[in-house]
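Only one structure is covered here, and it is reproduced in the block below.
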Amino acid sequence: MAAKMGRNDPCWCGSGRKYKTCHAAFDDKIARFAQQGHKVPGHELIKTADQIAGIKESAKINIAVLDYVAEHIHEGMKASEIDSMVYRQTTAMGGYPAPLNYEGYPYSVCTSFNSQVCHGFPSEDVIIKSGDIVNVDCSTILNGYFSDSSRMFCIGEVSPQKKRLVKVAKECMEEGLAAMKPWGFLGDLGQAVNDHAKKNGYTVVREIGGHGVGLEFHEDPWVGYTTKQGTEMLLVPGMIITIEPMVNMGKADIFVDEVNKWEVYTEDGKPSAQWEIMVLVTEDGTEVLSW
Ligand code: MF3
Ligand code: CO
């Protein structure tokens, strides 16, 4: 946390009000959690009203792009056509796809099919076929503000087993959201996600998680979904994180493609599903900004 502010200085949040009548009590409350040994967020993870407004504009594009994909995705299409759609729609609305060239990632979107867990390449040689379940993960930059969310699509005739996985993965994300609250902990949602997956006979990927988002693509905190209630970072109003658990039909173990170093698969070859939302912590609850 930054050096303590003078009580009559303008507040760090940019409201223009004096610190003592703005965020002083809020900072004191956070400090009490820190004294009790909890991990707490620094000011850099707490978005100002102006930043939240900018991030919401970015999210509007992200949602519209996923809506467009939902309308146009179909059997027989190449995954690379999803990539072109996402690039075209995002840029037409004035945004830029955050994945493109991010740490060397070569596409505008991730498309992860069946036993692919995440970061699948929407390449020319992937043909979308009946029976596939696919996650389309979109992220947008608008005026320097980032948004991120993903949805699952069931193509043609999907087996009841895979349909159930897709449904339960969505419920896991929703259970995580329901457990998320201001002055609660990240572990509250991790536990809710993992409990729901286990109850349904599934497992949750441990090594890859969600993240803070908004001013960067990936900010602190890292968000695990196998964590315990009452542990991990304190959540306070103004933080934005993603809820994006990867739920596996079989074992939780995964591996990364050795050649491209991006695409992640289940070790046992069984299907995996993921839904992602981007969520703001508010004074009295949460607000979903992108889905
Ligand atoms: N969109 C992914 C997430 O949910 C991140 C993808 S990184 C990329 O965090 F480079 F593959 F795009
Ligand atoms: Co994400």
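Remember, it's 1-based here, ligands and their atoms both numbered in the order they're listed. We use all heavy atoms of the structure for the numbers below, so side chains are in, but hydrogens, waters and symmetry mates are not.
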Shortest protein contact, atom 2 (C) of ligand 1 (heavy atom only): Asp137 OD2, 3.2 Å
Side chain Tyr105, main chain Val109, donor-acceptor under 3.5 Å: yes
Exam field: side chain Thr111 to backbone Val136, donor-acceptor pair closer than 3.5 Å: no
Contact partition for Pro99 relative to ligand 1, non-hydrogen atoms under 4.0 Å: both
Sub-4.0 Å heavy-atom approach of Glu103 to ligand 1: no
Check: His23 ring centroid to Tyr19 ring centroid under 6.0 Å: no
Numbered atoms and elements of ligand 1 in range of Ser139, under 4.0 angstrom, heavy atoms: 1 (N)
Heavy-atom gap Thr242 to ligand 1 smaller than 4.0 Å: no
Subset of ligand 1 atoms that lie under 4.0 Å from at least one heavy atom of His218: 3 (C), 5 (C), 9 (O)
Asn248-Ser272 side chain donor-acceptor pair, cut-off 3.5 Å: yes
Short N-O contact, Lys163 and Glu157, less than 4.0 angstrom: no
For residues 165-177, which side-chain donor-acceptor pairs fall under 3.5 Å, sequence neighbours excluded?
residue	atom	partner	partner atom	Å
Lys167	NZ	Glu171	OE2	3.3
Glu171	OE1	His196	NE2	2.7

His211 N/O under 3.5 Å from ligand 1 N/O: yes
Side chain, backbone, both or neither: the part of Cys118 lying under 4.0 Å from ligand 1 by heavy atom: neither
Distance filter under 2.8 Å, centred on the Co ion (ligand 2) - protein N, O or S atoms that pass it: Asp148 OD2, His211 NE2, Glu244 OE2, Glu276 OE2
Test of proximity, Asp148 against ligand 1: N or O pairs below 3.5 Å: yes
Backbone of Thr48 reached by a side-chain donor or acceptor of Gln51 within 3.5 Å: yes
Salt-bridge present (Arg151, Asp67; N to O < 4.0 Å): yes
Close N or O approach (Tyr102, ligand 1; < 3.5 Å): no
Check: Tyr107 ring centre within less than 6.0 Å of Trp262 ring centre: no
Spacing of Asn62 atom CG and Trp291 atom CH2 [to the nearest 0.5 Å]: 10.5 Å
Any Tyr107 heavy atom less than 4.0 Å from ligand 1: no
Where ligand 1 meets Glu244 - atom numbers and elements under 4.0 angstrom, heavy-atom basis: 3 (C), 4 (O), 9 (O)
Side chain, backbone, both or neither: Glu276 near ligand 1, heavy atoms under 4.0 Å: side chain
Between His38 and Glu232: side-chain donor-acceptor atoms closer than 3.5 Å: no
Reported CG-to-NZ distance for the pair Asp268 and Lys251, which is rounded to 0.5 angstrom: 6.5 Å
